[in-house]
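Contents: one structure, followed by commentary.
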Amino acid sequence: MTTAVREERPGGTGGALLDVRGLRVTFGGRGRRRRGGFVAVDGVDLTVGPEETLGLVGESGSGKTTVARCVAGLIRPDAGGVHFEGRPLGPAGRRGAAQRAVQMVFQDPRSSLNPRLTVASVIGEAWRTHPAAAPEGDREVALRGLLADVGLGPEVADRRAAELSGGQCQRVSIARALAVRPRLLVCDEAVSALDVSVQAQILGLLAGLRRSHRLAMLFITHDLGVVRQIADRVAVMRRGAVVEEGPTDEVLDAPRHEYTRALLDAALDLNGPGPEGEAA
Amino acid sequence: MSGPTTAGGTGRAGAAGPGGRAEPLLRVAGLSVGAPGGPRIVDGVSFEVPEATTVGLIGESGSGKTMTARAIIGLLPGGVEAGGTLRWRGEDLLGAGPGRRRAVRGREIAMIFQDPLAALNPTQRIGRQVGEILRRDGLPRREVRRRVVELLGLAGVPEPEERMRRYPHEFSGGLRQRAMIALALAGSPALLLADEPTTALDVTVQARILRLLRSVQRERGLAMLLVSHDLRVVAHTAHQVVVMYAGRVAERGAARQLLARPAHPYTAALVRSVPAVRTRSALATPLPGSPANPAERPAGCAFHPRCPLARERCRTRVPEVREVAPGRFSACHFAAEVFGS
């Protein structure tokens, strides 16, 4: 096994797996310049190294989901671009081999899975879409292994998404992403809709998969507590721009930008001040 | 046979017990909710809401927390009935007629919801909706207008004279929630039921709405039942906490003490599951499985399939809610063990 070495290359992207440069996205507006449109993302630069998790935080309208969708190829930016292992990534469907290297996990596991398909067919579909990633040997065995990786028993294979709990659905979504052996997982509020006790399970699962599958992650969330637990680095977005970026603990322990401070001030902790203002 | 878990040791002596305790503003005792012959979505829930106190009702999906709040205000979905006891200032609410329930609703007990857009009328101006209850009281138009402006201002809506002429869709999520708070306060209720009032909001907006609710609660001496899945919101806002699981009370008591030292393994696991923002902490060992569904509630203690302490007794016997320390009630067979550890 060779470990990925981060070399400094001219341009300063190091050995970045994902390199987002000068990303700009406008919704609506007229003409090629999209005059009068809403600029959702305005000049965002981000990098994610191999096996690194970058947390992308911000409030609604900050543009964090738009960035995620550009990385997944679901939205075409008006300017700038997304490079993966040094090569430009086009829109989804025209990415060739890089297509399967970037997989996405969405917020609502129920609406991102076809409720009538069995879990086995959800995974089988992923393998049909990306034959290069399909198992060479016994598919049954591969399927069982995949389900075990996400903490599901083999009996789940014949169940339909509609029969599963929210947590199980999210495990299936993760299994579907893993089925095509991605290098980067884009998680868009992947634990936000889950019950607290289930959220802890999925966070633990993702943290484990990162190591076992050597995954990089772009983890979009509004929850600073979740970022603290899962991300190596964090980028804070506001109104389409990144206002602060750095190692997670540094940013959260000593925020530099006033907006990061405002977010931290508003974030609640279990042992914070109670209704009478007293601290625990 | 264990029978339904009823009030347990709620201090039923109530009204003028030996301790001289006054009847609380609201006393919920052995409350059950369900379709006749169907499973009990809420099963034998007991707790109290004292005057000028915020009680946090914590639970995950299927815990019955929202149904409990809806039973209190008398807005249960069709086909679902409430049983047990709801005492409002000593008066039996479940036995009261529809006229009396309507009179209580809005004027004595008001409710705000997670999604104000669903609760506000999209075709009416905000000011008209906030002033509805005042107009019904027969207040003159100018007085209604003055009070609406005052209420919107109190709820933190900027430029209330101008905003009262707007429609709900012209408001942001945070402003809508403020308008709904103004509407809820219009009838000068003594109890405000708040069902996930900040769940759909951004954190900075959430912080402002919670600050508003806390100050309104304090300044008006309002009692509040805050229903939430978010332990952090409850810890920040509530004096007392009721933790529900699969339609039953798992544990209840003073907020701070309960969260710092749980007496039920479910509470302990919930507390561990909350990711800290300000401190570096390792990932918690999560509970296995998903929250139990009341329709398929496991036998014995509903939590036993997920409980790290589960023993034989837990699989067969429904635990009673017992007082483990003054004011602290737990529905765990081994509450003393959990509380002592």
Applying a strict 4.5 Å limit to non-hydrogen atoms, the region of L210(B) in contact with chain A is side chain
So, E251(B) and R328(B), do they make that salt bridge, N to O below 4.0 Å?
yes
Side-chain donor-acceptor contact under 3.5 Å, Q170(A) with S173(A):
yes
Nearest heavy-atom approach of L146(A) to A175(A) is CD2-O, 3.7 Å
If one checks every heavy atom of R214(B) against chain A at 4.5 Å, the contacting part turns out to be side chain
Answer key: most heavy-atom pairs under 4.5 Å with chain B among H222(A), R228(A), Q168(A) is R228(A)
Is any side-chain heavy atom of S112(A) closer than 4.5 Å to a side-chain heavy atom of R176(A)? yes
Listed by number, the residues in residues 188-205 of chain A that come under 4.5 Å of chain B (heavy atom to heavy atom) are D195(A), V196(A), S197(A), V198(A), Q199(A), A200(A), Q201(A), L203(A), G204(A)
*asked:* Applying side chain to side chain contact (heavy atoms under 4.5 Å, CB included) to F27(A) and I75(A), what does each step give before you reach the verdict?
replied: CA-CA 10 Å; F27(A) 292 117; I75(A) 291 176; 4.0 Å; yes
Turns out that what part of Q206(B) lies under 4.5 Å from chain A's heavy atoms comes down to side chain
* To do: Taking the side chain as every heavy atom from C-beta outward, state whether R272(B) and T285(B) have any atom pair closer than 4.5 Å.
  => no
Any side-chain heavy atom of M67(B) sitting closer than 4.5 Å to one from M244(B)? no
Heavy-atom closest pair (L46(A) atom, V44(A) atom, distance to 0.1 Å) is CG-CG1, 3.8 Å
Turns out that what part of A238(B) lies under 4.5 Å from chain A's heavy atoms comes down to backbone
Side-chain ion pair, R232(B) and D230(B), N-O less than 4.0 Å: yes
Kindly list each side-chain donor-acceptor pair under 3.5 angstrom involving residues 290-305 of chain B, sequence neighbours excluded, with atom names and distances?
unit_1, atom_1, unit_2, atom_2, d
S290(B), OG, S165(A), OG, 3.1
N293(B), OD1, A295(B), N, 2.9
R297(B), NE, A246(B), O, 2.8
R297(B), NH2, R40(B), O, 2.5
R297(B), NH2, A246(B), O, 3.1
H304(B), ND1, A299(B), O, 3.1
H304(B), ND1, C301(B), O, 2.9

Note: vs chain A, highest number of non-hydrogen pairs under 4.5 angstrom among Q217(B), R218(B), R211(B), H239(B) is H239(B)
Among G167(A), G166(A), G151(A), S60(A), the residue with the most heavy-atom pairs under 4.5 Å to chain B is S60(A)
TODO: Determine, stepwise, if the pair L184(A) / V71(A) fulfils side chain to side chain contact (heavy atoms under 4.5 Å, CB included).
DONE: CA-CA 10 Å; L184(A) 174 76; V71(A) 170; 4.0 Å; yes
Bottom line for V271(B): the part with an atom under 4.5 Å from chain A's heavy atoms is both
Under 3.5 Å: donor-acceptor pair, side chain of T237(B), backbone of V233(B):
yes
Honestly, the part of T279(B) sitting under 4.5 Å from a heavy atom of chain A is backbone
Turns out that what part of R208(B) lies under 4.5 Å from chain A's heavy atoms comes down to neither
For this session: Evaluate the side-chain proximity of L147(A) to D149(A): yes if any heavy-atom separation is below 4.5 Å, no if none is.
Result: no
R70(B) meets the salt bridge (Lys or Arg N to Asp or Glu O under 4.0 Å) criterion, sequence neighbours left out, with none
By residue number, those in residues 234-269 of chain A with heavy atoms under 4.5 Å from heavy atoms of chain B are D249(A), L252(A), D253(A), A262(A), L263(A), L264(A), D265(A), A266(A), A267(A), L268(A), D269(A)
